[in-house]
Every structure is written in structure tokens, then in C-alpha cells.
Colleague: 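Input: one structure, supplied below.
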Amino acid sequence: MGQQEAIQFLYEIFDASLPRLGPGNKASTIKAIQILLRAGRTLEKQANTPDLKILDVGCGNGAQTIELAKHFEGTVVALDNHRPFLMELMRRARAEGVADKIRPYEKDMHNPQLDCNSFHLIWSEGSLYVIGFTEGLSVCRDLLVPGGLMAVSELCWLKKAAPAECRRFLADEYPAMTDVPTNLSHIRKCGYDNVGYFVLPEAAWWGDYYTPLEKRLTLLEYRHRKDPQRLEFIKTVKREINIYRRFSDFYGYVFYLMQRG
Ligand SMILES: C[S@@+](CC[C@H](N)C(=O)[O-])C[C@H]1O[C@@H](n2cnc3c(N)ncnc32)[C@H](O)[C@@H]1O
């Protein structure tokens, strides 16, 4: 399979029709909003005005974007580089009655082409790893107004001494993965104050993400039953799910909440 074909197949697996495209759930998004609202005077002052500007980096098909639009007045710029995700996001936003508050923005997050000091809140669920945690924090800091707030969920080690099979798998999948104290120190070094953090519950991995994804993989296994390369690809995604099933005590997604210092 060539590179272009592999990318196309990746999008066939992670289809816009899935409930969401990474671990997370509504309860966790709302919990993160509440922690930030308690901490950030900037956001509190602006929270109920149409002037509030929010950026959702790597928004995908918009599970968290729609929550943000429901929760706040103002505008949410929904940035992603895959048009079908943005189209599905807007379809869902219309169904939920919040489309007028969301601006889909098809861009590469490496070069967002947005004004410095222009957002009160930046959100990124399971996406900032694309440019790297610290690099992403630095890019977003420039886009935030002074005192602006940021929420990022990031894959982290939760316990030391994970079994070798788990360590090997994640070293291949996400070599930059580190632990919570190291990420908290990265956050401070990038010019933010830590406002809080929490580990996403296992339900946030299964409910809207791995369970529907597993169903989709079964369908695709049948569709591509005569295609060994695609079947091998599917096997890799299933392996990722099984690693989490067996070793979820050792790693997880952590939601980090911070304020531009
Ligand atoms: C793991 S998904 C998370 C999506 C969503 N936040 C969620 O939790 O369902 C990562 C998202 O980042 C987007 N993405 C990947 N590379 C990107 C890039 N270079 N620029 C913008 N978006 C990118 C993907 O299209 C995808 O929607």
C-alpha cells in the first residue's frame, strides 16, 4: 500500500460518522470548563458576551466543539485539516442549534495563520501531540490574550514500571509520551500557570471512542476480507485497543488546565 492509500484507509477507519475521534466524553469536557471558569477571571468576565473568542485545535468532528458552543456565548473557531470532519461538525452543530457560533477553519495546526493575542480560550482534546506537547503549548500561548486560558488532553504515563509489552508498544506509537510531573513542568516552562489537571476516566475511552471504533473495525474487516494489507492495518488498530484494555492502569489521557502567565 502506498503512502497516499494508507492515509486514505486511515480516514476510512477514522470516519467522520464515528461519535468522536479520540478518547474523551461530554462529562470530562464540562469538568474541564468548570475548573477553568473557577480559575480564570478573564474567561469569567467574557463568558457571557459575544466577544469571547475560543479556538478548538484539532477539533475533528466536533464532540467538544459543540459542548463549548453550548456553554459559552461568543465564537468557536474550529480548526482541523480534514474537510470531511469539519463538514460533519457543522452538520451536528446545525442539528444542535449552535452552528451560528462555530466557524469551521480548514488549516494545518503547524501554521494556523491566526492573530497573536486574539483568543480568550484555547481547547485541544487529543490533538496537540500532532505538533508535540511543548511546541503546541508555545504556539497556542502566542495566540492567547494575556490571562487567557487553555485546556489540553494528552496521553501520559500514570504509573511507573509498565510491563515491557506496553512500554514497547507506546514507545513505537508515541515516543514523546511522558508523565504528569514532567508535563506540568513543561507547562510552566512554556509560560503558563497550572490551574488543575485530571485523568480521563476509562469510560471516556470506551463509550464514545473505542467501542464504536471496534464495531467499525469489524465492518471493515468484512469489507476488506480479501485485502491482506488492509487487514494488517486493522490488526494494528485492534492491537492498540487491546493494549489499553490490558494496561489502562499504567497510562491514560490527562486533561491539563492552564492560564497564560
Ligand atoms: C485524535 S483526533 C481528535 C479529534 C477531536 N478533538 C476528538 O477528540 O474527537 C486528532 C485530530 O487532529 C486533526 N489533525 C491531525 N493533523 C492535523 C494538522 N496538521 N492540522 C490540523 N489538524 C490536524 C485530525 O484531522 C483529527 O481530527
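Heads up: numbering here begins at 1 and tracks the sequence. Order of appearance sets the numbers: ligands from 1, and atoms from 1 within every ligand. The model shown is predicted, which means the values in this text are computed figures rather than measured ones.
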Colleague: Among all protein heavy atoms in this structure, tell me which lies nearest to atom 23 (C) of ligand 1, with the distance rounded to 0.1 Å.
Modeller: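 Minimum-distance protein heavy atom for atom 23 (C) of ligand 1 reads N81 OD1, 3.2 Å.
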Colleague: Within a distance under 4.0 Å of any heavy atom of C59, pick out the atoms of ligand 1 and give their elements.
Modeller: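 Near C59, meaning under 4.0 Å from one of its heavy atoms, ligand 1 has 5 (C), 6 (N).
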Colleague: Just need the protein heavy atom nearest to atom 20 (N) of ligand 1, so name the residue and atom and give the distance.
Modeller: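 In this structure, atom 20 (N) of ligand 1 has M109 N, 2.8 Å as its nearest protein heavy atom.
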Colleague: So among Y174, W157, W205, which one has a ring pair (Phe, Tyr, Trp, His ring centres under 6.0 Å) with Y253?
Modeller: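 Result: among Y174, W157, W205, W205 is the only option passing the ring pair (Phe, Tyr, Trp, His ring centres under 6.0 Å) with Y253.
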Colleague: Roughly how far, to the nearest 0.5 Å, is the CZ atom of R223 from the CZ atom of R216?
Modeller: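 Answer for the CZ-CZ pair, R216 versus R223, is 5.5 Å.
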Colleague: Are any of the heavy atoms in G126 under 4.0 Å away from ligand 1?
Modeller: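 The answer is yes: ligand 1 sits under 4.0 Å from a heavy atom of G126.
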Colleague: At less than 4.0 angstrom from any non-hydrogen atom of Q64, what atoms of ligand 1 do you find?
Modeller: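 Going through ligand 1 atom by atom, the ones under 4.0 Å from Q64 are 5 (C), 6 (N), 7 (C), 8 (O).
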Colleague: Within a distance under 4.0 Å of any heavy atom of V130, pick out the atoms of ligand 1 and give their elements.
Modeller: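 Those of ligand 1 that fall under 4.0 Å from V130 are 15 (C), 16 (N), 17 (C), 19 (N).
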Colleague: Whether R230 and E5 form a salt bridge (side-chain N of Lys/Arg under 4.0 Å from carboxylate O of Asp/Glu) is what I want to check.
Modeller: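 Judged by the 4.0 Å cut-off on N to carboxylate O distance, E5 and R230 do form a salt bridge.
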Colleague: Checking a contact table here: which protein heavy atom is nearest atom 2 (S) of ligand 1, and how many Å away?
Modeller: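 For this ligand atom, the closest protein heavy atom is L21 O, 3.7 Å.
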Colleague: Does E165 come within less than 4.0 Å of R168, counting only side-chain N to carboxylate O?
Modeller: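 Here E165 does not pair with R168 in a salt bridge, since their nearest N and O are not under 4.0 Å apart.
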Colleague: Identify the protein heavy atom lying closest to atom 4 (C) of ligand 1, giving its residue, its atom name and the separation to 0.1 Å.
Modeller: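 Ranked first by proximity to atom 4 (C) of ligand 1 is G58 O, 3.3 Å.
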Colleague: Report the distance from atom CZ of R260 to atom CZ of R141, rounding to the nearest 0.5 Å.
Modeller: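 Spacing of CZ (R260) from CZ (R141) equals 4.5 Å.
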Colleague: For Y11 and ligand 1, does the shortest N/O to N/O distance drop below 3.5 Å?
Modeller: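 No, since none of the N or O atoms of Y11 sits under 3.5 Å from an N or O of ligand 1.
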Colleague: So, H110 and D108: side-chain donor and acceptor under 3.5 Å apart, yes or no?
Modeller: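 A pair is found: one side chain offers a donor N or O, the other an acceptor, under 3.5 Å apart.
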Colleague: For atom 8 (O) of ligand 1, what's the nearest protein heavy-atom neighbour? Residue, atom name and distance, please.
Modeller: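 Protein heavy atom at minimum distance: R20 NH2, 2.8 Å.
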Colleague: How far does NE2 of H186 sit from CG of N194, to the nearest 0.5 angstrom?
Modeller: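 So the gap between those two atoms works out to 12.0 Å.
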Colleague: For this output row, return yes or no: ring centroids of F233 and H224 closer than 6.0 angstrom.
Modeller: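 No, the ring of F233 stays outside the 6.0 Å limit from the ring of H224, centre to centre.
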Colleague: Tell me whether ligand 1 is touched by S127 - counting only heavy atoms on the residue side and a distance under 4.0 Å.
Modeller: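 Yes, S127 has heavy atoms under 4.0 Å from ligand 1.
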Colleague: Looking at F255, does the NZ or CZ of K31 lie under 6.0 angstrom from its six-membered ring centre and within 45 degrees of the ring axis?
Modeller: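 Verdict for F255: no cation-pi partner in K31.
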Colleague: Have a look at ligand 1 and work out which part of K107, if any, has a heavy atom under 4.0 Å from it: side chain, backbone, both or neither.
Modeller: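 Within the 4.0 Å criterion, K107 contacts ligand 1 through backbone atoms alone.
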Colleague: Can you list the ligand 1 atoms lying under 4.0 Å from a non-hydrogen atom of D108?
Modeller: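 It comes down to these atoms of ligand 1: 18 (C), 19 (N), 20 (N).
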Colleague: Note the single closest protein heavy atom to atom 25 (O) of ligand 1, along with its residue, its atom name and the distance in Å.
Modeller: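 For atom 25 (O) of ligand 1, the nearest protein heavy atom comes out as D80 OD1, 2.6 Å.
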